[in-house]
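Structure, as structure tokens:
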2 protein chains.
Amino acid sequence: MFLEGINTILSDMQEIGDVHLATEGKQVLRLLNQFEIDLIISDISMPKMDGIELLTELKKKHSSVKIIMLSMLDNHRTVHKVIQKGADGFIPKFTSKEELQTAVRTVLDNEQYFSEIIKQRYMESVFERKKYKNIELSPREKEVLNLLGDELTSKEISEKLFISVNTVETHRKNILLKTGSKTTTGAVKYAIESGLFDE
Amino acid sequence: MFLEGINTILSDMQEIGDVHLATEGKQVLRLLNQFEIDLIISDISMPKMDGIELLTELKKKHSSVKIIMLSMLDNHRTVHKVIQKGADGFIPKFTSKEELQTAVRTVLDNEQYFSEIIKQRYMESVFERKKYKNIELSPREKEVLNLLGDELTSKEISEKLFISVNTVETHRKNILLKTGSKTTTGAVKYAIESGLFDE
DNA sequence: TACAAAATCACTAGTTTCAGTGATAAAAAC
DNA sequence: GTTTTTATCACTGAAACTAGTGATTTTGTA
């Protein structure tokens, strides 16, 4: 399995001592109480407590422990969150053995390590939003998101824009998809934090 | 009625020409197309389209028209919104004849007029939140609001904090009440904009 | 120790959102 | 002038949220 692969890669490195494996966020927290942990390498998507939650928890209660996040490059929102929450490293899930080792060494050396592709993705999100429209919101979607921020319901928005409620809901779904949010609240928060609203 | 009172007060002023009365936001928009309007004095709470919506609409499509908002001093959120949306003036609903006249003259003179009590309320909201706990969120409420911003549902929050879902929902209700929001999205937006989250 | 604020829990009912699927027409880009 | 994006609409069912009411227990503080 995937975990085993990482285990093997880490075992190759002399500077690495014990390695513990976990399949859920909660399990990681338990391990933290049992052992002296220096570094955590975590996937974003996990059952029970996902990587973002784990990261949040960690930076609050075990702020000295380093954490490197792994993820598919699904969307801006995720990248944004991980960086904002203060991860020490962030690399794509299917990277080379070498990059993983470099990341581990760098982070253990008290520096941050972000994969080139991650940095690029983040920059797109912050500065070059317009170029990458596939991930970006259309004008109509922004309009809808703004109104959602003003506390209007789908019905109210549909009346205001003279379109069907179904259309508004479709826009909402696309907004959630593009921003990588589960809730409207999250999408609006993302929009504010990433400056989507000030255009 | 209340409208008549204002009408009388305005009629006392030589610099005021015609006065039109409206009972809904939509009606105000219609009047704007029929007459040359310099100034609007609007209540926050109105049927069909409330004062905030009217304000938003106005600043978008009739940006030269001045607007003075009237409201009960219900909560921070409202004050915050009105200021952010760019009202030209803001006074409490039951103020003196003199203050209303001063406000009108000031705004017609291209300046802003905010009642002392309004300014004070706003300052509380921005700088002195802790002192006025009656309007402020309790630590637990802030915690819940933060988790809501992280896209957790009531159920998830209840599991995370080891409390009942009912309790979480009560916190949510109180948060909406205190922030003057109708939706969680609005409350989170308010929290971000007013700096509630950075503490 | 009282008084007040904060935190807790419960139940109902109506509304809204979210997720999943599928589809068409207009506009923009290539 | 064809492909892609954007905007539009529809339907279903489950999950989640909002509103209204009422109440008890902790905790903090005057």
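Just so we're on the same page: letters track the sequence lines, and every chain starts at 1.
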Reading nucleotides 16-28 of chain D from 5' to 3' and marking B where a protein heavy atom lies under 4.0 Å of the base, S where only the sugar-phosphate is that close, and - otherwise, the string is SSBBBB-------
Taken in chain and number order and not counting sequence neighbours, the residues that satisfy ring pair (Phe, Tyr, Trp, His ring centres under 6.0 Å) with B/His20 are B/Phe35
Looking just at side-chain N and O atoms, do A/Gln27 and A/Thr23 make a donor-acceptor pair shorter than 3.5 Å? yes
From CG of A/Leu177 across to C1' of D/dT5 the rounded distance in Å is 15 Å
Checking all strands, does B/Thr167 fall into the base, sugar-phosphate, or nothing category for heavy-atom contacts under 4.0 angstrom? base
Ignoring hydrogens and geometry beyond distance, is a side-chain donor-acceptor pair present between A/Glu151 and B/Thr185 at under 3.5 Å? no
dist A/Leu70:CG -> A/Leu100:CG (nearest 0.5 Å) comes out at 7.0 Å
### Message
Closer than 4.0 angstrom, basic N to acidic O: yes or no for B/Lys61 and B/Glu57?
### Response
yes
Heavy-atom closest pair (A/Leu137 atom, A/Leu145 atom, distance to 0.1 Å) is CD1-CD2, 3.7 Å
Bend of the helix from C/dT1-D/dA30 to C/dC30-D/dG1 from end-axis comparison, five pairs per end, nearest 10°, comes to 80°
Answer yes or no: is there a donor N or O on one side and an acceptor on the other, between the side chain of A/Asp88 and the main chain of A/Ile67, under 3.5 Å? yes
Interatomic distance, CG@B/Leu32 vs CD1@B/Ile37, rounded to 0.5 Å, equals 5.5 Å
Rounded to whole Å, the CZ-C1' distance (A/Arg140 to C/dA28) equals 17 Å
Rounded to whole Å, CD of A/Glu151 lies from P of C/dT16 at a distance of 14 Å
Whole-Å distance, B/Leu161 CG to C/dA6 P, equals 17 Å
Separation of C/dA6 atom C1' from B/Glu141 atom CD, nearest Å, is 8 Å
Atom CG of B/Leu137 and atom C1' of C/dA7 are separated, to the nearest Å, by 14 Å
Here the distance between atom P of C/dA6 and atom CD1 of B/Ile175, to the nearest Å, is 13 Å
Taking every heavy atom of B/Gln112 against every heavy atom of B/Thr106, the minimum-distance pair comes out as O-CG2, 3.7 Å
Separation of C/dA19 atom C1' from A/His171 atom NE2, nearest Å, is 18 Å
Contacts of B/Pro139 and B/Asn166 projected onto DNA chain C by closest heavy atom; the upstream (5') one is B/Pro139
